[in-house]
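Shown next, in structure tokens, is the structure this report addresses.
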2 protein chains.
Amino acid sequence: MGAPYHQFCPVAKAMELLDERWTLLVIRELISGSQHFNELRRGLPKMSPTLLSRRLQQLTAAGIVERRPVGTEVHYILTPAGRELEPVVMGLGMWGIRWIGELGDQDLDPKLLLWDMHRQVDLSAIPPGRTVVHFRFPEVAPQLRTWWLILTPAEVDVCDDDPGHDVAVTVETTLRCLTEIWIGRQNWQQAQKGGQLTITGPAELRRSVPSWFKSSPFASVPRPEAALTGAVSPK
Amino acid sequence: MGAPYHQFCPVAKAMELLDERWTLLVIRELISGSQHFNELRRGLPKMSPTLLSRRLQQLTAAGIVERRPVGTEVHYILTPAGRELEPVVMGLGMWGIRWIGELGDQDLDPKLLLWDMHRQVDLSAIPPGRTVVHFRFPEVAPQLRTWWLILTPAEVDVCDDDPGHDVAVTVETTLRCLTEIWIGRQNWQQAQKGGQLTITGPAELRRSVPSWFKSSPFASVPRPEAALTGAVSPK
DNA sequence: CAGTATCCCTTATGATACTG
DNA sequence: CAGTATCATAAGGGATACTG
């Protein structure tokens, strides 16, 4: 698939398959549990469908992904070889969260954030029945400003337009603040104390909102004293 | 450095710095102990000096490598952030050695093999004084067929032309066979039994040759039943 | 030893629109 | 839902030669 390195080194042989742009992010999405083309697209919003399609074909040809048509649907699942890339992806994420400095504005994306968060809702912590959480990012462009998460014990849905149901709590904050909570650089309590985040709604719901949302799998990684700067800085 | 993914995901942020061609192999070389430009070149023979230069600049700008001029020399060393990529590189190599199928003829390279082997000589196992090991790959083109390793307790040198010293032992085999020994798919004893490798020289030296050479750091990784085929097959 | 300077050129990728 | 088709551009990278 990728251009060959003409080396017998196992690292080089692995990178021949993995070093092209987006490839390891597709694998990350599959590890995260996405199975369908459009599910993958939601986790990779800036990737063109053409390219996603090509990458899936390449990974299938390489024996890392299996394409399994099931009736009218198509499932993409990792093969045993693909599943064994999890330590590599986790290692990259752990390195990234330790050493990458401030996020650039371009790296913030409400669509992606809500999509990630919806996968990590603690279904055992949410109230019975349906709970609608409304998110507002006042500084963001109107069409990306308001979001709803519909939590039920069975599933979690993301909406970017008003689902019409009663809203249980509203979370108002900056996109950056919620992203930093997600990646573990900030927490709900501190952000509320600092006035960067407000939750409105019934008191006992307000208190429990933070427990409904787990953080990024990398949020708990211990951080070094100083992160990298330079090429990685915001622009 | 690399094109941005516009994602806050730590895996994506890491890959922005690492997903370009050759980048992780440069880091692999630095982890292996190379410090100088031309030392790096020997471990990356198919990489153009221009590109190596650029990658080193990028990695320096990213805070992964430090360029340290020492008198007339220049040392490239990993920063703390760079050193922490070792688990990633090791993970990739372990994955690679488990899942990559047969090596292609293009992946075999005597220059690189001897260079790798010279770094893993067990200095505590070699005889005192100077020991010259002569390697011959009869099937290889003349200018790459014959090699000499000069082992002394202090250092190991690789030569591609006759150094003139007395040869202690001669190892004759195919390039593929010795490469497979290096990566742990074959071993000295089996190869000798099978007639794919012969050692000539004094009996007690012949017997101890295999103990002088450690294998690739990945050689001891347990292998799955079946490796990948397809895109990775030899061509 | 430690790199630069050019030059060319493929091709990877982004963007957009469309289909069964 | 699950992709394909098409197009234009940038630029990543290979090759080669040269410098202090």
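Here is how names work: the chains are called A, B, and so on, in the same order as the sequence lines, proteins then strands, and each is numbered from 1. Below, all heavy atoms of this structure are taken into account, side chains as well, without hydrogens, waters or symmetry copies.
Remark: P of D:dA11 and CD of B:Gln58 are 13 Å apart, rounded to the nearest angstrom. For the pair B:Leu52 CG and C:dG3 C1', the interatomic distance rounds to 9 Å; values are reported in whole Å. With rounding to whole Å, B:His75 atom NE2 is found 16 Å from C:dG3 atom C1'. When the C1' atom of C:dA2 is taken as reference, atom CG of B:Leu56 falls 11 Å away, rounded to whole Å. Between the C1' atom of C:dG3 and the CG atom of B:Leu59 lies a distance of 16 Å, rounded to the nearest Å.
In this structure, the side chain to side chain donor-acceptor pair (under 3.5 Å) partners of A:Gln35, at least two apart in sequence or on a different chain, are A:His75. Every residue two or more places apart in sequence or in another chain that forms a side-chain contact (heavy atoms from CB on, under 4.5 Å) with A:Thr23 is listed here: A:Leu18, A:Glu20, A:Ile27, A:Arg55, A:Leu59. Scanning for side-chain contact (heavy atoms from CB on, under 4.5 Å) contacts around B:Arg83 gives B:Leu78, B:Pro80, with sequence neighbours left out. Residues forming a side-chain contact (heavy atoms from CB on, under 4.5 Å) with B:Pro224 (at least two apart in sequence, or on another chain): B:Arg98, B:Trp99. Residues passing the side-chain contact (heavy atoms from CB on, under 4.5 Å) test with B:Val88, sequence neighbours excluded: A:Leu92, B:Leu85, B:Leu92.
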| query | Given B:Leu149 and B:Asp157, is the side-chain contact (heavy atoms from CB on, under 4.5 Å) satisfied, shown in steps? | reply | CA-CA 6 Å; B:Leu149 241 46; B:Asp157 279 331; over 6 Å; no
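Close to C:dT4, at under 4.0 Å from its OP1 or OP2, lies a side-chain N or O of B:Ser53. The shortest distance between the side-chain N/O atoms of A:Gln57 and the OP1/OP2 oxygens of D:dT4 is below 4.0 Å. Dashed line: the shortest gap from a side-chain N or O of B:Tyr76 to OP1 or OP2 of C:dG3 is under 4.0 Å.
The salt bridge (Lys or Arg N to Asp or Glu O under 4.0 Å) contacts involving residues 35-49 of chain B comprise B:Lys46-B:Asp109, where partners must be two or more places apart or lie in separate chains. For residues 10-29 of chain A, every residue pair satisfying the ring-ring contact (aromatic ring centres under 6.0 Å, His included) rule, not counting sequence neighbours, is listed here: A:Trp22-B:Tyr5. Listed by first and then second residue, the ring-ring contact (aromatic ring centres under 6.0 Å, His included) pairs involving residues 40-71 of chain B amount to none (not counting sequence neighbours).
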Solution key, residues 130-142 of chain A side-chain donor-acceptor pairs under 3.5 Å, sequence neighbours excluded:
| residue | atom | partner | partner atom | Å |
| --- | --- | --- | --- | --- |
| A:Arg130 | NH2 | A:His165 | ND1 | 3.3 |
| A:His134 | ND1 | A:Trp147 | O | 3.0 |
| A:His134 | ND1 | A:Trp148 | NE1 | 3.3 |
| A:Glu139 | OE2 | A:Leu175 | N | 2.8 |

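An end-to-end axis angle of 60° holds for the helix from C:dC1-D:dG20 to C:dG20-D:dC1, taken from five base pairs per end and rounded to 10°.
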| query | What one-letter contact string describes nucleotides 5-20 of chain C from 5' to 3', where B marks a base within less than 4.0 Å of any protein heavy atom, S marks contact via sugar-phosphate atoms alone, and - marks no contact? | reply | BB------BSBB----
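At distances below 3.5 Å, not a single donor-acceptor pair connects side-chain atoms of A:Ser53 with backbone N or O atoms of A:Pro49.
Listed by residue number, A:His36, A:Phe37, A:Asn38 are the residues of residues 31-45 of chain A with a heavy-atom contact under 4.0 Å to DNA chain D.
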